[in-house]
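Atoms within each ligand, like the ligands themselves, are counted from 1 in listed order.
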Amino acid sequence: MKANILLVIGSFFAFVAKAQKQVPPAEAQAAALVKKMTLEEKVGQMTQVTMAVFAKGAWANEDGELDPVALKKAIVDYKVGSMLNTTAHALPVEKWRSIMTQIQDEVKNTRLRIPVIYGLDAIHGQTYTLNSTLFPQNLAIAAARNPELVRQAAKVTAMELRSSGVRWNFAPVLDIGRQPLWSRFPETYGEDVYLVKTLGVAGIKAYEEDGLKNPTAVATSLKHYLGYSASRNGKDRTPIYLPEIELREYYLPQFREAVRTGSASVMVNSSEINGIPVHANRYLLIDVLRKELGFEGVIVTDWEDIKRLHDRHNVAATPREAVVMAINAGIDMSMVPSDYSFFDLLIEAVKKGEVPMSRIDDAVKRILVMKYKTGLFENPYPEPASFGNFGKPEFQQYALEAAREAMTLLKNSDNILPLAKNKKVLVAGPAAQSISALNGCWSYTWQGNVDKWYPADSRTIYQSFVDKIGAANVITTTQPGFDSPQNYDVAALKKAAVGADVIVLCIGENAYAESPGNTRDLALPKEQEDLVVAAALTGKPVILVLAEGRPRFITNIEPSVKGILMAYWSGRKSAEAITDVLFGDYNPSGRLPFSYHKSMGEIVLYDRKPTEEVREVFNDNINTGYDPLYPFGHGLSYTTFSYSGLTLSTTTLSATGSITVTLQVKNTGSRAGKHTVELYSRDLYASITPNMRRLRAFHKISLAPGESKEVRFTLTKDDLAFVNAQLKTVTEPGEFEVIAGDLKAKFVYQ
Ligand code: BGC
């Protein structure tokens with residue numbers, strides 16, 4: 001009895017002690033801290049500056065050495081709460097840790113010691129740390145149709161960021177790739193909203209799910225809210241005209257789902273929609289993002305975008321008016337990022353009563369919540385527990401797996417592929433000896449186009465051929481670097497082809513990011529087309545490897561080549577993955593995440609409307625409106641798969657019920673292979689012209705030769721919904737069709 005009483009008393013005290021030690025939620029801590037802050041301290045928290053502001057030599061800085069006077073000015077004088085970016089290129093991981101340490105040390109000289117949160121753009125791996133693991137760009141990984149790969153890539157990226165001392169990632173990009181001219185097309189998961197949504201969510205979960213305090217997690221930033229990719233003329237940061245019905249159908253759902261998943265921040269689209277710059281659009285930021293979607297995190301601007309309300313968009317007559325406009329529209333943090341103008345102007349505006357203190361407090365509280373949640377108040381320094389999580393050997397394997405699954409075989413006439421390893425191969429074209437053309441944007445530099453910053457063990461396609469079949473079997477006419485004049489030497493190519501059994505021409509695009517990637521035309525540059533024509537005229541079989549961030553037209557040359565491998569920008573292991581596929585050491589399974597268009601006049605997307613399907617040409621086949629060179633979802637394998645037995649669990653779907661779609665998939669060839677089954681739906685008649693098809697689900701399986709598997713999908717009415725004329729997302733009663741490969745079945749929703 002006595003023992004029992006002691007036990008009860010003991011656990012009571014343990015409970016009290018625990019309760020006393022319990023840290024209040026981040027929100028309560030942030031609210032309490034805001035109360036103690038001066039206006040200057042608050043506005044400092046809302047200010048984000050770039051490394052050039054506090055690095056020795058500013059933008060000329062190459063080594064990440066900080067300028068102690070400039071650092072003090074930022075942190076102590078201006079009370080800056082957030083920093084970003086590098087000056088020139090990636091830095092060693094130890095350097096990043098030392099930068100973070102210097103920054104947080106300086107914070108100790110401030111009154112409230114509020115740690116700085118640092119953000120970087122690790123969009124396909126940790127861009128700005130040397131030797132980090134770069135994965136395929138979003139466009140490439142979307143081809144793999146495998147959320148598990150996205151999860152793995154995000155996890156590694158989070159670990160490598162965190163091990164660099166950085167806790168905030170400006171990713172994932174949730175922009176949808178419906179304008180192939182757009183220079184940021186490679187950063188998208190392609191043209192379908194379900195694909196963008198599914199892969200985006202897989203990334204966010206992986207980045208944040210461990211809990212932001214954990215050294216394997218980072219805070220995400222959903223970008224770029226909203227509609228950024230819909231540039232009318234295809235140039236970066238140019239006007240967007242989007243009716244709200246289209247905005248809600250294709251551009252908003254991924255953000256809605258991402259907010260539901262839980263993300264710490266949102267970065268705003270630099271452009272204007274229907275004449276209103278998004279940074280000044282209270283309707284989109286407050287009414288839609290905050291109220292309708294319920295987003296609680298930090299809303300950060302993109303680069304210089306408050307200034308640009310005045311000096312580019314011309315909607316604010318003065319720089320102060322621009323600040324007032326943006327903050328009152330709902331912006332919490334300004335990526336200023338190159339000076340302190342925002343700090344001075346916002347203080348002035350608050351003192352003049354142009355921005356209410358309640359808005360400032362709201363913004364600061366959200367920023368502090370992110371800092372509490374990322375554990376910065378407990379320990380702002382790089383955590384030793386994260387140091388081992390950089391460049392682990394298995395990360396290379398994950399990058400290789402992801403690159404392999406991205407590879408998309410577009411054409412394989414007469415089974416020219418896989419190649420036998422005893423053939424003599426001429427490897428030519430500008431991408432043959434370019435590392436940057438295999439990685440693309442945000443790769444050790446912003447543009448990604450400087451080969452010398454890539455890890456020493458990066459392979460070119462040419463080197464990877466030599467690794468695979470020996471130097472004696474590989475001929476090349478090329479030189480390192482995409483732009484080397486020799487790479488375009490048609491005469492040399494013809495001459496070298498004499499000794500070759502097959503020509504592998506590596507063409508496409510060198511790396512670019514943002515506006516430097518603007519292009520006048522998606523046509524393949526003439527000098528590359530000339531190479532292909534010359535190669536085909538030799539009579540030797542020609543295989544194209546396309547290393548590119550968006551579909552460059554190959555319509556004229558496609559008939560003259562036997563094989564085409566779409567390699568995208570697939571990261572650090574691109575070259576290995578390309579040769580694995582070309583030689584059959586890996587059986588390709590990628591499926592295009594966009595329609596590979598024929599020409600500028602043929603840009604119709606796969607989820608076309610009925611009148612885009614019809615081509616009203618006299619005596620012509622009328623159903624050729626969607627006529628890409630290769631459709632969305634296209635991708636060949638070295639084996640064959642057959643579909644059969646599509647059945648529905650019911651032919652009547654109710655509002656509360658679900659319908660299960662089942663089919664059998666069989667590997668009918670002689671090689672093992674992976675395959676993604678895609679399920680589309682079609683609403684036959686609706687109040688808004690229905691899409692001809694919409695992707696509703698996909699599932700990737702592996703099949704041994706002769707093996708069959710049953711694949712099942714479950715749909716509810718919400719999976720069939722669309723935005724109606726009243727801007728409501730609805731499913732209307734009526735007849736629907738589900739489509740998998742050539743199989744179709746109908747059901748009724750009532
Ligand atoms: C880009 C953003 C990026 C930011 C910070 C901007 O130019 O549009 O995607 O996060 O720079 O580097």
NZ/NE/NH1/NH2 to OD/OE distance under 4.0 Å, [X] and [Y]:
X: Glu296; Y: Arg290; result: no
X: Lys72; Y: Asp105; result: no
X: Glu514; Y: Arg237; result: yes
X: Asp362; Y: Arg359; result: yes

With heavy atoms of [X] as the reference, note each atom of ligand 1 found under 4.0 Å away.
X: His224; result: 2 (C), 8 (O), 9 (O)
X: Leu84; result: 5 (C)
X: Glu514; result: 1 (C), 6 (C), 7 (O), 8 (O)
X: Asp302; result: 1 (C), 2 (C), 3 (C), 4 (C), 6 (C), 7 (O), 8 (O), 11 (O)
X: Met267; result: 2 (C), 10 (O)

Per-residue contact class, [X] against ligand 1 - non-hydrogen pairs under 4.0 Å:
X: Asn85; value: neither
X: Gln48; value: neither
X: Arg184; value: side chain

Exercise for the section: Could you tell me whether some N/O pair between Lys223 and ligand 1 is separated by less than 3.5 angstrom? Expected result: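 So ligand 1 has an N or O lying under 3.5 Å from an N or O of Lys223.
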Exercise for the section: Please verify whether a non-hydrogen atom of Asp121 lies at under 4.0 Å from ligand 1. Expected result: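 True for this residue.
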Exercise for the section: Determine, using heavy atoms of Arg237 and all atoms of ligand 1, whether some pair is separated by less than 4.0 Å. Expected result: yes
Practice task
Taking the six-membered ring of Trp442 (Phe, Tyr or Trp), confirm whether the NZ or CZ of Lys223 is under 6.0 Å from its centre and within 45° of its axis.
Solution key: yes
Handout entry: Aromatic Phe135 / basic Arg572 pairing, under 6.0 angstrom, 45° off normal
Key = no
Practice task
Heavy atoms only: give me the nearest Phe342-Val336 pair and the separation to one decimal.
Solution key: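 It is CB-CG2, 3.7 Å.
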Exercise for the section: Starting from the C-alpha separation in whole Å, work towards a yes-or-no answer on ring pair (Phe, Tyr, Trp, His ring centres under 6.0 Å) for Trp96 and Tyr118. Expected result: CA-CA 11 Å; Trp96 276 117; Tyr118 209 101; 5.7 Å; yes
